[in-house]
Amino acid sequence: MKKIIHIDMDYFFAQVEIRDNPSLKNKPVAIGGDPKARGVLSTCNYIARKFGVRSAMPTYKALQLCPDLVLVGSHFDKYRKASEEVFSIFFEFTDKVEGISLDEAYLDVTDCPLFFNSATLIAQEIRSRIFKKTGLTASAGVSYNKLLAKIGSEINKPNGQYVIPPDLTYEQCESWSIRKINGVGKVTAKKLESLGVKTFGDIYKFNQLDLVNHFGNFGTTLFYYVRGIDNREVISSRVRKSLSVERTFMEDSRELVFLKKKLFDCFIECKQRLKKYQDKSIKSLFVKIKFSDFTQTTIEKSYLNLDYNDFESLFLKRYAESSKKIRLIGIGVRFNTNSNDEQLVLNLG
Ligand code: TTP
Ligand code: MG
Ligand code: MG
């Protein structure tokens with residue numbers, strides 16, 4: 001049985017804006033939607049949601065529901081940066097990461113050796129690392145397939161997680177809204193509702209053939225989904241472009257013996273972790289140094305073979321060019337990537 005985690009950031013665009021402007025913290029806040037230009041909102045925080053404000057709602061309507069709503073313009077560069085930070089944390093646990101949008105992904109952690117292979121603990125740790133790195137909260141669902149992991153991530157939103165174990169019973173899910181189902185958009189939901197179908201339990205009353213007659217192939221999918229069956233794989237939406245290992249020191253240092261020892265530790269760990277990527281070809285080697293004043297530098301050379309001496313000479317060259325103490329060193333390799341799949345495939349929403 002698989003172990004799948006679905007992660008989705010809470011009120012993503014709004015949370016980023018509020019993080020960067022704490023005076024908004026206890027106010028109802030929505031993103032985008034110039035009322036004069038008859039715009040619609042991208043999203044809003046949970047305070048605004050109490051008033052009935054929602055994503056994609058026309059701004060004038062949101063202001064009728066919540067006259068104190070604070071409208072904030074969007075800053076995609078910030079959302080993209082936060083998203084990249086969040087995704088890089090996912091890759092600390094598995095390469096099987098399927099990005100669905102900037103703020104959402106599925107992870108297959110079936111083979112992840114960390115945290116005793118407990119998907120619940122991994123989800124907890126991912127959310128905690130996300131918060132430490134970005135100051136943002138995320139919610140997670142944990143289950144044995146994508147459908148149920150996604151349903152789970154909604155249950156304790158915001159800033160929560162929920163596990164749906166394999167012994168899910170009919171009683172537990174019969175009252176779930178069909179709108180929870182992946183692929184049931186407004187149109188399908190309307191059609192289902194016109195047949196008197198609102199919940200998982202209602203779909204149970206139809207046999208597979210009836211569902212196919214009404215919904216084509218999706219009818220079969222529905223038939224299985226409401227029985228907790230979903231065999232979709234997590235499809236990696238991004239290929240790994242590099243692998244690196246780094247160490248931050250308790251105290252900044254310029255002691256060469258100490259620094260070389262740390263560099264060598266990184267090398268050994270990097271070599272060990274590279275065993276998993278024998279199908280990839282290495283393009284270049286690099287060394288990263290962060291100084292006590294937090295400035296950072298990366299030195300790179302093209303790859304011939306994986307030799308510790310190459311890393312050390314890169315390091316020594318840059319070490320000699322500065323007199324600053326060092327707080328972090330890292331080494332890594334970049335892989336050759338097929339230009340078609342190099343780019344992270346992400347869309348919004
Ligand atoms: P969602 O994850 O759907 O929503 P959210 O993160 O704002 O809120 P939550 O997950 O806590 O329910 O979407 C992620 C971002 O995508 C959202 O912050 C803004 C953007 N978005 C739009 O621009 N238009 C939309 O209609 C939706 C649904 C989202
Ligand atoms: Mg979200
Ligand atoms: Mg989302």
Side-chain angles (χ1 to χ4, degrees), residues 4-21 24-25 27-35 37-62 65-66 69-87 89-90 97-107 123 126-127 130-131 134-142 146-162 177 179-187 189 234 237-238 344-349:
I4 310 292
I5 299 175
H6 177 260
I7 302 240
D8 188 284
M9 302 297 293
D10 304 319
Y11 55 109
F12 183 48
F13 293 4
Q15 204 189 164
V16 171
E17 298 298 340
I18 295 165
R19 174 195 67 184
D20 296 344
N21 180 0
L24 297 172
K25 201 166 174 196
K27 298 179 181 154
V29 175
I31 303 303
D34 180 351
R38 297 201 292 176
V40 298
L41 304 178
S42 303
T43 191
C44 61
N45 65 354
Y46 281 73
I47 303 177
R49 289 183 202 190
K50 280 195 204 143
F51 294 85
V53 178
R54 293 288 178 270
S55 286
M57 182 178 270
T59 311
Y60 79 88
K61 192 173 164 201
L65 293 169
C66 178
L69 187 66
V70 182
L71 293 172
V72 180
S74 38
H75 299 93
F76 281 94
D77 47 334
K78 284 192 192 180
Y79 314 145
R80 219 165 278 127
K81 177 162 183 282
S83 175
E84 275 169 22
E85 288 172 337
V86 168
F87 273 72
I89 291 168
F90 298 156
V97 176
E98 180 174 345
I100 301 298
S101 72
L102 278 185
D103 91 323
E104 175 182 350
Y106 291 98
L107 282 66
I126 288 174
R127 292 174 44 241
I130 289 175
F131 188 75
T134 66
L136 302 169
T137 64
S139 296
V142 178
K146 287 165 90 173
L147 173 83
L148 296 173
K150 183 169 167 77
I151 289 175
S153 73
E154 294 274 325
I155 291 178
N156 282 329
K157 229 177 199 314
N159 197 15
Q161 67 182 56
Y162 190 83
S177 162
R179 289 180 184 256
K180 286 177 181 284
I181 299 175
N182 251 185
V184 174
K186 270 195 188 132
V187 177
V234 172
S237 48
R238 169 160 84 165
L344 175 60
V345 189
L346 286 179
N347 48 18
L348 292 173

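None of the values given here were measured: they were computed from a predicted structure. Start at 1 and go down the list; that is how both ligands and their atoms are numbered.
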Which segment of Arg49 sits under 4.0 Å of ligand 1 when only heavy atoms are counted: side chain
Exercise: do Gln161 and Ser153 side chains pair donor with acceptor under 3.5 Å: no
Stepwise side-chain contact (heavy atoms from CB on, under 4.5 Å) test for Asn45 and Gln15: CA-CA 7 Å; Asn45 65 354; Gln15 204 189 164; over 6 Å; no
Test of proximity, Asp8 against ligand 1: N or O pairs below 3.5 Å: yes
NZ/NE/NH1/NH2 to OD/OE distance under 4.0 Å, Lys157 and Asp8: yes
Test side chain to side chain donor-acceptor pair (under 3.5 Å) applied to Ser139 - qualifying residues, sequence neighbours left out: Asp10
ring-ring contact (aromatic ring centres under 6.0 Å, His included) involving Phe90 - partner list, sequence neighbours excluded: Phe87
Option set Ala30, Ala56, Ser42, Ser74, criterion heavy-atom distance to atom 25 (C) of ligand 1, minimum: Ser42
Non-hydrogen atom of Tyr46 closer than 4.0 Å to ligand 1: yes
For ligand 1, the portion of Met9 having any non-hydrogen atom under 4.0 Å away: backbone
Distance-only side-chain donor-acceptor flag, Glu17 / Tyr79, under 3.5 Å: yes
Option nearest atom 7 (O) of ligand 1 (shortest heavy-atom distance, choices Ile31, Asn159, Thr43): Thr43
Minimum heavy-atom distance Ala105-Val97, with the two atoms named: CB-CG1, 4.2 Å
Arg80 NZ/CZ over Phe76 ring centroid, <6.0 Å and within 45° of normal: no
Atoms in ligand 1 with a heavy atom of Phe12 nearer than 4.0 Å: 5 (P), 6 (O), 7 (O), 18 (O)
Heteroatoms of the protein, restricted to N/O/S, which lie under 2.8 Å from the Mg ion (ligand 2): Asp8 OD1, Met9 O, Asp103 OD2
Listed partners of Phe131 passing ring-ring contact (aromatic ring centres under 6.0 Å, His included), at least two apart: none
